[in-house]
S.K.: 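Okay, handing you the structure first.
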Amino acid sequence: MTAVRAFLAMLLVIGAAAGPAAAETVSITLPPDAITLPAGPGADVTQTQCAFCHSLDYITTQPRGPAAQWQGVVTKMLKVYGAPIGEETARIIADYLTAHYAQ
Amino acid sequence: MTARDTDRPLSRRAMLWGSVSAAAGGLLSPRWPAALAAEADPLLAGRPLARFPEKTDLIVLTTRPPQLETPAAYFDRAITPNEAFFVRYHVFPIPTSVDLARWRLEIKGAVDRPLALSMDDLRTKFPKVSVTAVNQCSGNSRGRFAPRVLGGQWADGAMGNALWSGVRLVDLLKAAGARSTGVDVTFDGLDRPAFPQVPDFVKSLALSRIMNDPHVLVAYEMNGARLPLLNGFPARLIVPGWFGVYWVKNLSEITVLSAPYDGYWMKTAYRIPDTPCGCVEPGGAPKSTVPITRMPVRSFIAAPASGTRLRVGQEIALKGIAFDGGYGIREVLVSDDGGEVWRRTALGADLGPYSFREWSATWKARSAGTVRLMGRAINAIGQSQGTTPLWNPAGYLRNVVEHVDLVVS
């Protein structure tokens, strides 16, 4: 009986020491991207380059718009967000987005 | 010193969640759950629901970084459950593993005693305080702007209300001996961009503002539980009354600066026209801008859902929530005649001026046809909602009178 009590007391001490703030690791695994862009000239480049930084629903959920909109978006990715993309690649991506997401 | 590791071996717990999220991956292909179909909201048509780790089925705006929207049905009550609370990150990668044995909250810069606090330090060395407060994304409802604007096309679910518990920011800054020469204080979390040239997500508040506001917290609990990782575990900043952009998640560094902060996310992004309404003519461009701060008054009808069918003579319960930027809601009104006559509703429990305020009413269908029910809140200083939407190019601050359409037959 005494031994049991001592054991229980020890458990309580450990519980208090551990407490709600005890060391804890929280880990998650994010689901994969679910979007594949429609086929067409520039689709592969657009898929690969854009997906370095974000999933492609960033494209597909945007309002449709003319070439100027998509050129503006690609320019923003380069100039503001520092995307390491050359001018020629940027042009291909903007053309692809315009071809598929203008209207 | 902070812990941020994406490649350490998964703990047993992590494997459990990993399996949950692996299952969720399969759910990401678009499907048409009843919840989305019943909302009859064209903006949400085709959006998938998915269950991310530690979350319930939420509407996916983007996957990486995750932006997840709370379904409208949750806004019939004051407190948003943790698993249903919306998620919004800015840059990728986001932290996917945090080890409390290694995580520290640093307080540094223009301070006399730089600190690196563990979770135990936060819990045992500072008074624990709580506040019930709405966290709303600046761009909540951006998808409803006309003309439309680029950016996250949220419907109305980028908001939630929770009981946040933790320590006062002012207590931390006093413990660190923040110098009176301090001007701005920056807040940085564990998320880091994929490329060094991408601006890291850092926000700032004026030191004078923080020292005079005991409600600004570093919270380690959300509705009495630890925060979900996607909502900021182990700790996040709580700035009651101000838009969620300041509520930095997975918080790891607080830095007192002796000069104004001019990082991208303050100087360039999250700015509104420098006009009394924060708006310009639809399609126009502001002459000058200021950082977005306090939330305007909003209210929503959560039940019945838009598109609900009922019979002439049927009486139904209307339920929803209202909130503002910290003055508190004085009354919520509803109209079924286009805003000619507004009827008072019954307000629910007062959980403080920063909280959602529940409201309810009964309504009887008197004649057949489509009926538009409108809701409108008035706060403690008389501010309310307009019937014409205000517009700005970034799609912020929406607070027009919202509605649901019911079909009576």
Side-chain angles (χ1 to χ4, degrees), chain A residues 15-38 47-86 94 97-98 101-103, chain B residues 8 10-11 13-15 17-22 24-30 47-48 50 52-54 60-66 91-92 94 96-101 118-120 122-124 143 148-153 193-199 220 226 228-230 233-234 264 268:
Chain A
E24 182 183 7
T25 299
V26 175
S27 299
I28 61 172
T29 304
L30 294 174
D33 296 3
I35 306 269
T36 303
L37 295 179
Q47 178 109 16
T48 307
Q49 295 298 327
C50 298
F52 270 119
C53 290
H54 59 79
S55 52
L56 299 166
D57 36 26
Y58 268 80
I59 297 170
T60 58
T61 55
Q62 288 307 303
R64 302 295 188 256
Q69 169 179 313
W70 293 112
Q71 284 157 5
V73 167
V74 173
T75 300
K76 184 178 181 183
M77 294 303 142
L78 267 64
K79 304 286 186 214
V80 179
Y81 292 109
I85 296 174
L97 295 174
T98 304
Y101 299 99
Q103 291 306 328
Chain B
R8 62 180 280 121
L10 293 176
S11 65
R13 185 167 204 151
M15 287 168 65
W17 285 336
S19 62
V20 167
S21 60
L27 299 181
L28 263 181
S29 52
R47 295 263 173 94
F52 276 57
E54 304 182 89
V60 179
L61 176 60
T62 64
T63 306
R64 183 170 58 87
V91 298
F92 197 84
I94 65 165
T96 54
S97 183
V98 178
D99 178 359
L100 280 191
S118 68
M119 182 56 73
D120 278 330
L122 289 179
R123 286 182 177 273
T124 60
R148 294 189 69 177
V149 296
L150 293 172
Q153 302 296 303
F195 298 104
Q197 60 268 41
V198 178
Y220 49 72
R226 69 159 177 79
L229 203 149
L230 292 175
F233 178 84
Y264 171 76
T268 307

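Excluded from the calculations below are hydrogen atoms, water molecules and symmetry mates; all remaining heavy atoms, backbone and side chain alike, are included. Numbered from 1 within each chain, the chains take letters A, B, ... in sequence-line order.
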S.K.: Provide the closest heavy-atom pair for A:Cys53 versus B:Phe92 in the form atom of the first, atom of the second, distance.
M.R.: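 Nearest heavy atoms, A:Cys53 then B:Phe92: O-CB, 3.5 Å.
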S.K.: Where does B:Val91 contact chain A at under 4.5 Å (heavy atoms): side chain, backbone, both or neither?
M.R.: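 For B:Val91, neither part sits under 4.5 Å from chain A.
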S.K.: Could you tell me whether a side-chain N or O of B:Ser97 sits under 3.5 Å from a main-chain N or O of A:Ser27, the two making a donor and an acceptor?
M.R.: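 Not confirmed, B:Ser97 side chain does not pair with A:Ser27 backbone.
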S.K.: Identify the two heavy atoms, one from A:Ser55 and one from B:Thr63, that lie closest to each other, and give their separation to 0.1 Å.
M.R.: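 What the structure gives for the nearest pair is OG-N, 3.2 Å.
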S.K.: Please report the interatomic distance CG(B:Leu61) to OG1(A:Thr61), rounded to the nearest 0.5 Å.
M.R.: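 Here the rounded value is 5.0 Å.
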S.K.: Walk me through whether B:Met119 and A:Glu24 qualify under side-chain contact (heavy atoms from CB on, under 4.5 Å).
M.R.: CA-CA 10 Å; B:Met119 182 56 73; A:Glu24 182 183 7; over 6 Å; no
S.K.: Rounded to the nearest 0.5 Å, how far apart are CD of B:Gln153 and OG1 of A:Thr60?
M.R.: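 The CD atom of B:Gln153 sits 11.0 Å away from the OG1 atom of A:Thr60.
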S.K.: Testing the basics here: between B:Phe52 and A:Leu30, what is the closest heavy-atom pair and its distance to 0.1 Å?
M.R.: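 Closest approach of B:Phe52 to A:Leu30: CD2-CD2, 4.0 Å.
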S.K.: For A:Val80, is it the side chain, the backbone, both or neither that has a heavy atom under 4.5 Å from a heavy atom of chain B?
M.R.: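 Its backbone and side chain both get close to chain B.
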S.K.: Heavy-atom cut-off 4.5 Å, strictly under: side chain, backbone, both or neither for B:Leu230 against chain A?
M.R.: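 The side chain, not the backbone.
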S.K.: What part of B:Tyr264 lies closer than 4.5 angstrom to a heavy atom of chain A: side chain, backbone, both or neither?
M.R.: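 The answer is the side chain of B:Tyr264.
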S.K.: Counting N and O atoms only, with roles assigned by atom type, does the side chain of A:Asp33 sit under 3.5 Å from a partner on the main chain of B:Arg64, one being a donor and the other an acceptor?
M.R.: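 It does not hold such a pair.
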S.K.: Using every non-hydrogen atom in the two residues, find where B:Leu150 and A:Pro63 come nearest and quote the distance to one decimal.
M.R.: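 Scanning both residues, the minimum pair turns out to be CD2-CD, 4.1 Å.
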S.K.: Output yes when a side-chain donor or acceptor of A:Gln62 lies under 3.5 Å from a complementary backbone atom of B:Gly151, and no otherwise.
M.R.: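 Yes, because the side chain of A:Gln62 sits within donor-acceptor range (under 3.5 Å) of the backbone of B:Gly151.
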S.K.: Do the non-hydrogen side-chain atoms of A:Ile28 and B:Phe233 ever get within less than 4.5 Å of each other?
M.R.: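 Sidechains of B:Phe233 and A:Ile28: no contact.
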